[in-house]
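To keep things clear, I will list the structure first and then write my remarks on it.
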Amino acid sequence: MGGIRGLFEAVLPGLVFLVTYTLTIDPSADASSDPIRTLLPALIAPLVLGLVFVALRAATKQTMTPAIGGLVGTGISVALALFSGRASDFFLIGLYTNAGYGAALLVSVLVGWPLVGLAVGFLMGDGIAWRENPSKRRVLTILTLCWTGLFLLRLAVQLPLYLADNVELLATMKLLMGLPLYAPLLVVSWLMVRSVYRKAETAS
């Protein structure tokens with residue numbers, strides 16, 4: 001995941017976009033008529049920041065994958081916004097991502113193979129043995145549903161803002177529903193997994 005730095009690398013481009021867009025956009029301008037002139041400052045800023053993140057990781061000899069992945073995502077978002085002339089398209093990939101993750105997690109629960117369980121089983125060296133333990137299976141199913149709710153809640157709030165082309169509020173909600181929701185749920189997930197695995201080890 002890239003650690004704490006990776007989390008900041010995921011959050012800061014959106015914040016920089018919001019601040020730059022708010023400071024540079026002319027409300028009376030039609031971005032679709034000249035998207036490059038109108039949107040370029042707000043779109044270039046997060047792209048430059050992504051390049052800085054890559055350079056910093058290279059200079060400190062840290063793993064490059066999170067920064068490069070973020071840079072590629074930012075580049076695609078910039079291209080979509082410039083091509084359409086709509087600043088809100090900068091967030092289009094995020095909407096598809098939330099929809100895809102939410103759907104995949106929900107389907108995994110419905111078919112009895114919750115994805116959080118598969119991930120935890122791999123990380124804990126448990127394989128799929130957790131499916132035979134009722135406590136583990138119940139907790140990992142609940143956690144999968146919690147993560148499903150997170151992604152679908154993001155989509156439910158942000159999609160109407162995207163359709164309304166409310167860029168400032170869309171960017172703000174993306175930030176508020178990003179790390180502030182993601183980090184606590186990640187901590188809760190870790191605590192629940194640790195607890196259920198400790199109980200299983202004590203029982204055995």
ILVMFWY network linking L176 to L169, side-chain heavy atoms under 4.5 angstrom: yes

Using modelled atom types and a 3.5 Å cut-off, is there a donor and acceptor pairing between side-chain atoms of S195 and backbone atoms of L191? no

Test: ring pair (Phe, Tyr, Trp, His ring centres under 6.0 Å). Region: residues 100-131. Which pairs qualify, not counting sequence neighbours? Y101-F151

Closest approach of L18 and E168, non-hydrogen atoms and distance? CD1-O, 3.7 Å

Measuring from atom NZ of K174 to atom CZ of R154, what distance do you get when rounded to the nearest 0.5 angstrom? 7.0 Å

Under a 3.5 Å distance rule, please check whether N133 uses its side chain to pair with a backbone N or O of K136 as donor and acceptor. yes

N/O donor-acceptor pair under 3.5 Å between R57 side chain and T63 backbone: yes

Return the set of residues passing ring pair (Phe, Tyr, Trp, His ring centres under 6.0 Å) with F17 (not counting sequence neighbours), or none when no residue passes. Y21, F90, F91

Find out if a path of hydrophobic residues (ILVMFWY) with successive side-chain heavy-atom gaps under 4.5 Å connects L152 to L150. no

Identify whether V107 and I128 are in the same connected component of the hydrophobic contact network (ILVMFWY, side-chain heavy atoms under 4.5 Å). yes

Please report the closest heavy-atom contact between S88 and V167, naming both atoms and the distance. N-CG2, 3.8 Å

Can L181 be reached from V187 by stepping across I, L, V, M, F, W or Y side chains whose heavy atoms are under 4.5 Å apart? no

Residue pairs involving residues 140-150 (criterion side-chain hydrogen bond (donor to acceptor under 3.5 Å, both in side chains); sequence neighbours excluded): W147-S189

Quick one: does I68's side chain get under 4.5 Å of T65's, heavy atoms only? no

Just by distance, do the side chain of R198 and the backbone of V193 share a donor-acceptor pair under 3.5 Å? no

If you look at every heavy atom in A104 and L115, which pair is closest and at what distance? O-CD1, 3.8 Å

For residues 41-51, tabulate all N or O donor-acceptor pairs below 3.5 Å that involve a side-chain atom, not counting sequence neighbours.
none

State, to 0.1 Å, how close V116 and L140 come at their nearest heavy-atom pair, and which atoms those are. CB-O, 4.0 Å

Who passes side-chain contact (heavy atoms from CB on, under 4.5 Å) against V139, sequence neighbours left out? L143, M192, V196

Can you name the closest pair of heavy atoms from I93 and G73 and give their distance? CD1-O, 4.0 Å

Give the cluster check for I142 versus L145: same hydrophobic cluster or not, with ILVMFWY residues linked at side-chain heavy-atom distances below 4.5 Å. no

Side chains of residues 155-163: which donor-acceptor pairs under 3.5 Å do they make with residues two or more places apart or in other chains?
unit_1 : atom_1 : unit_2 : atom_2 : d
Y162   : OH     : R86    : NH1    : 3.3
Y162   : OH     : D89    : OD1    : 2.5

To the nearest 0.5 Å, atom OG of S77 lies from atom CG of L92 at 8.0 Å

